[in-house]
Each structure stands twice: as structure tokens, then as C-alpha cells.
J.: 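To start, I am sharing the structure in question, which I have written as C-alpha cells.
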Amino acid sequence: MKRGGHGWVEPTIAKSEAMRRIRTAGTAPEIALRSRLHALNLRYRISYPVPGKPRRTIDIAFTRYRLAVFVDGCFWHGCPVHGTLPKTNAPFWANKISTNRGRDRDTDLALAAAGWDVLRIWEHTEPEEASRMILSALGRGLIKLAARPAGLRA
């Protein structure tokens with residue numbers, strides 16, 4: 001491997017191909033959670049656009065309750081329990097994960113400004129526990145929905 005001009009190691013073709021195959025939506029933890037939610041007769045939208053943020057989507061959106069659920073990958077979002085940094089190109093990856101976390105915060109703020117509640121769930125969270133967290137948040141959303149004036153309950 002050659003050292004590039006920016007202090008990073010040029011990736012091999014095999015590594016580049018492996019990184020390209022990593023899914024950004026419809027990951028196994030997300031599908032397991034959606035399956036559990038569907039079994040609980042909860043209906044939701046997937047890959048729902050974030051208001052005012054083009055190219056950003058909500059993993060699981062409960063639009064009536066304005067609840068946005070994100071299933072964050074431990075590696076990509078810097079999980080404090082399971083997040084690790086690769087030894088190769090460490091400065092690049094530290095910056096990449098830091099940027100991802102900053103984007104997460106920005107998305108959370110944009111959603112809050114639009115009246116949404118945000119729930120971030122780590123990919124290692126069991127679907128049963130994650131669904132309990134969502135049910136609790138939906139209960140809070142139901143209370144907020146009932147408190148809204150009749151014309152704003154859509």
C-alpha cells in the first residue's frame with residue numbers, strides 16, 4: 001500500500017469493494033426491529049425524508065406521532081460500547097465518524113425544530129428492548145397529539 005499525500009493509506013480494490021457493499025438502509029438490525037414493530041401492529045414509514053434536509057432520511061418514521069427512529073450502526077456512529085477505529089487510516093476514520101455524529105446532531109435539531117421527537121437506537125439493542133423504547137415514546141407522542149388543537153392533529 002502506498003502512502004497518499006494526505007497522510008492516509010490508499011485502500012486496496014478488495015477493501016473498496018467491501019466498503020461499497022455495506023448497506024446504509026435496510027440493515028439486519030433495522031429489519032429485525034421493523035419486523036418486531038409490525039408484529040405489534042404498529043405501522044410506520046421507512047426512509048422518510050427529514051424536513052428541510054435533502055438527502056437525509058428517517059429510518060423508521062411514525063408520521064402521525066412525529067416520532068423519528070434511527071437505528072445507528074456501532075461503527076459508523078461511534079457507539080461508546082462497541083465503536084472501534086481501524087488502525088489503517090485512523091485519522092480519516094476518526095474524522096469520518098466525528099462528521100457522522102455531527103450530522104446526527106444536526107438532523108436531530110432539524111427534526112426537533114419541525115416538532116418531531118427523535119429516538120436513536122444502537123444496532124446492538126435487541127429488537128424487543130428497542131420496540132419497548134418506541135412504544136414508550138409513542139405513548140408520550142399520543143399525549144402530545146391529544147394536547148394539540150383539533151386542526152393540527154393530522
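Numbers here simply count residues along the sequence, with the first being 1.
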J.: Identify the residue among Arg120, Arg56, Arg103 that makes a salt bridge (Lys or Arg N to Asp or Glu O under 4.0 Å) with Asp108.
T.: Arg120
J.: List for me each residue that meets side chain to side chain donor-acceptor pair (under 3.5 Å) alongside Lys53, sequence neighbours excluded, and say none if there are none.
T.: Asp106
J.: Answer yes or no: is there a donor N or O on one side and an acceptor on the other, between the side chain of Ser35 and the main chain of Ile31, under 3.5 Å?
T.: no
J.: Is any side-chain N of the basic residue among Arg34 and Glu30 closer than 4.0 Å to the acidic one's carboxylate O?
T.: yes
J.: Do Tyr48 and Leu109 belong together in a cluster built from hydrophobic side chains that touch within less than 4.5 Å?
T.: no
J.: Using the rule that Ile, Leu, Val, Met, Phe, Trp and Tyr join whenever any side-chain heavy atoms are under 4.5 Å apart, tell me whether Leu37 and Leu119 fall into a single cluster.
T.: yes
J.: Would a distance-only check, ignoring hydrogens and angles, find a side-chain to backbone donor-acceptor pair under 3.5 Å from Ser131 to Pro127?
T.: yes
J.: Between Glu123 and Thr27, does the side-chain contact (heavy atoms from CB on, under 4.5 Å) criterion hold? Intermediate values first, please.
T.: CA-CA 9 Å; Glu123 71 176 344; Thr27 61; 5.8 Å; no
J.: Write down the atom of His124, the atom of Cys79, and the distance for their closest heavy-atom approach.
T.: CE1-SG, 3.4 Å
J.: Look only at the side chain of Ser136 and the backbone of Met133, and say whether a donor-acceptor pair between them is shorter than 3.5 Å.
T.: no
J.: Within the distance-only criterion (no hydrogens, no angle test), does the side chain of Thr99 pair as donor or acceptor with the backbone N or O of Asn95 below 3.5 angstrom?
T.: yes
J.: Taking all non-hydrogen atoms of both residues into account, name the closest pair between Pro49 and Ile58 and its distance.
T.: O-CD1, 4.3 Å
J.: Rounded to the nearest 0.5 Å, what separates atom CD1 in Ile134 from atom CD1 in Ile121?
T.: 4.0 Å
J.: Angle class for the Tyr44/Phe62 ring planes (parallel below 30°, perpendicular above 60°, tilted otherwise)?
T.: perpendicular
J.: Find out if a path of hydrophobic residues (ILVMFWY) with successive side-chain heavy-atom gaps under 4.5 Å connects Leu85 to Phe75.
T.: yes
J.: Say you draw a straight line from CG of Asp104 to CD1 of Ile97; how long is it, rounded to the nearest 0.5 Å?
T.: 11.5 Å
J.: Starting at CG of Leu33, measure out to CD of Glu126 and round the result to the nearest 0.5 Å.
T.: 11.0 Å
J.: Answer yes when Arg140 and Asp117 have at least one side-chain N-carboxylate O distance shorter than 4.0 Å, and no when they do not.
T.: no
J.: List in chain and number order the residues that pass ring pair (Phe, Tyr, Trp, His ring centres under 6.0 Å) with His38, two or more places apart in sequence or in another chain; answer none if no residue qualifies.
T.: none
J.: What are the two closest heavy atoms between Thr107 and Phe70, and how far apart are they?
T.: CG2-CZ, 3.9 Å
J.: Could you pull out the closest heavy-atom pair between Trp122 and Pro80, with the gap in Å?
T.: CZ2-CD, 3.7 Å
J.: For residues Leu40 and Ile46: do they belong to one hydrophobic cluster (side chain heavy atoms under 4.5 Å, members Ile, Leu, Val, Met, Phe, Trp, Tyr)?
T.: yes
J.: For the CZ atom of Arg36 and the CD atom of Glu129, what is their distance to the nearest 0.5 Å?
T.: 12.0 Å
J.: What's the shortest heavy-atom distance between Ala68 and Trp116, and which atoms?
T.: N-CE3, 3.7 Å
